[in-house]
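Each remark here refers to the structure printed beneath this line.
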Amino acid sequence: MNAYERIYDTVKRIPYGKVATYGQIADLAGMPRKARLVGYALFRVAPEADVPWHRVINFKGEVSESLFRQGNDYLQRSLLESEGIEFNALGKVNLGRDRWQP
DNA sequence: AAAGTGACCTATT
DNA sequence: GAATAGGCCACTT
C-alpha cells in the first residue's frame with residue numbers, strides 16, 4: 001500500500017455534500033505536512049478510479065486545479081454545486097459550513 | 001542517481 | 001485582506 005492508495009482511501013471517505021482541504025486529507029491519511037503529496041496524488045488519479053477528487057479544495061475554500069487538467073475549471077465547480085455546495089461571488093465555498101469534519 | 005517539480009500550508013510583512 | 005517567502009517531501013525524468 002503506497003501513499004497514493006492511502007490518499008485515495010481518505011478522499012473516498014468524504015461524504016456527499018462536504019468538502020475537505022488538502023492538508024486535512026494529508027492529516028487523516030496519516031501524513032501531516034504532506035499536503036502537496038495529496039495534490040500530486042489527485043493530479044494523477046485515473047478517471048476510472050472512483051475518487052471524488054472534486055470534493056478536495058485548498059484551505060482558502062477556492063477550487064484549485066492546474067488548468068491543464070481536462071478543462072475542469074468549470075466542471076469541478078459544477079459538480080460541487082450539484083451536491084449542494086454554494087460558491088460566493090469570488091468562487092469560494094463556505095468552509096465553516098461545508099467543510100467535512102470527522 | 002541527482003535534479004526538478006508541484007490540485008499546498010503557514011507565518012510574516 | 002492581500003502579497004511574499006520559505007518549508008515540506010514523494011514522484012518523474
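All chains are named by letter (A, B, ...) in the order of the sequence lines, taking the proteins before the strands, and each is independently numbered beginning at 1. Below, each value reflects all heavy atoms present in this structure, side chains not excepted, and no hydrogens, waters or symmetry copies.
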message: Checking A:Leu80 against A:His54 for the side chain to side chain contact (heavy atoms under 4.5 Å, CB included) test, could you report, in this order, the C-alpha distance in whole Å, the side-chain angles of both residues, the deciding distance, and whether it holds?
response: CA-CA 7 Å; A:Leu80 291 176; A:His54 55 274; 4.0 Å; yes
- request: Show your working on side chain to side chain contact (heavy atoms under 4.5 Å, CB included) between A:Glu86 and A:Asn94 and close with a plain yes or no.
  value: CA-CA 7 Å; A:Glu86 297 176 7; A:Asn94 187 337; over 6 Å; no
task: Taking A:Gln24 for its side chain and A:Gln101 for its backbone only, find out whether a donor-acceptor pair lies under 3.5 Å.
output: no
- line: Atom CZ of A:Arg33 and atom C1' of B:dG6 are separated, to the nearest Å, by 18 Å
Between the protein and nucleotides 11-13 of chain B, which nitrogen or oxygen pairs come in under 3.5 angstrom?
none

- prompt: Could you walk me through whether A:Arg55 and A:Glu83 pass the salt bridge (Lys or Arg N to Asp or Glu O under 4.0 Å) check?
  reply: CA-CA 10 Å; A:Arg55 295 189 193 139; A:Glu83 293 191 354; 2.9 Å; yes
message: If you count heavy atoms of other groups shown closer than 6.0 angstrom to NZ of A:Lys12, is the number above 12?
response: yes
field: First of A:Lys92 and A:Pro32 reached from the 5' end of DNA chain C, by closest nucleotide
entry: A:Lys92
- prompt: Which whole-number value in Å describes the distance from A:Phe59 CZ to C:dC8 P?
  reply: 18 Å
- request: Would you indicate whether the side-chain heavy atoms of A:Phe87 and A:Val63 approach each other to under 4.5 Å?
  value: yes
task: Assess whether one donor atom and one acceptor atom, taken from the side chain of A:Arg36 and the base of C:dC8, lie less than 3.5 Å apart.
output: yes
query: Would you find a donor on one side and an acceptor on the other, under 3.5 Å apart, between the side chain of A:Asn88 and the backbone of A:Lys92?
result: yes
- prompt: Does any N or O in the side chain of A:Arg99 come within less than 3.5 Å of the main-chain N or O of A:Ala20, such that one atom is a donor and the other an acceptor?
  reply: no
With 3.5 Å as the limit, what N/O pairs link the protein to nucleotides 10-12 of chain C?
| unit_1 | atom_1 | unit_2 | atom_2 | d |
| --- | --- | --- | --- | --- |
| C:dT12 | OP1 | A:Arg44 | NE | 3.2 |
| C:dT12 | OP1 | A:Arg44 | NH2 | 3.4 |

Stretch residues 13-31 of chain A: residues that reach within less than 4.0 Å of DNA chain C through a heavy atom: none
query: Rounded to the nearest 0.5 Å, how far apart are OH of A:Tyr22 and CG of A:Leu37?
result: 13.0 Å
- prompt: Is it true that A:Val38 and A:Phe59 fall in one hydrophobic cluster, defined by side-chain heavy atoms closer than 4.5 Å?
  reply: no
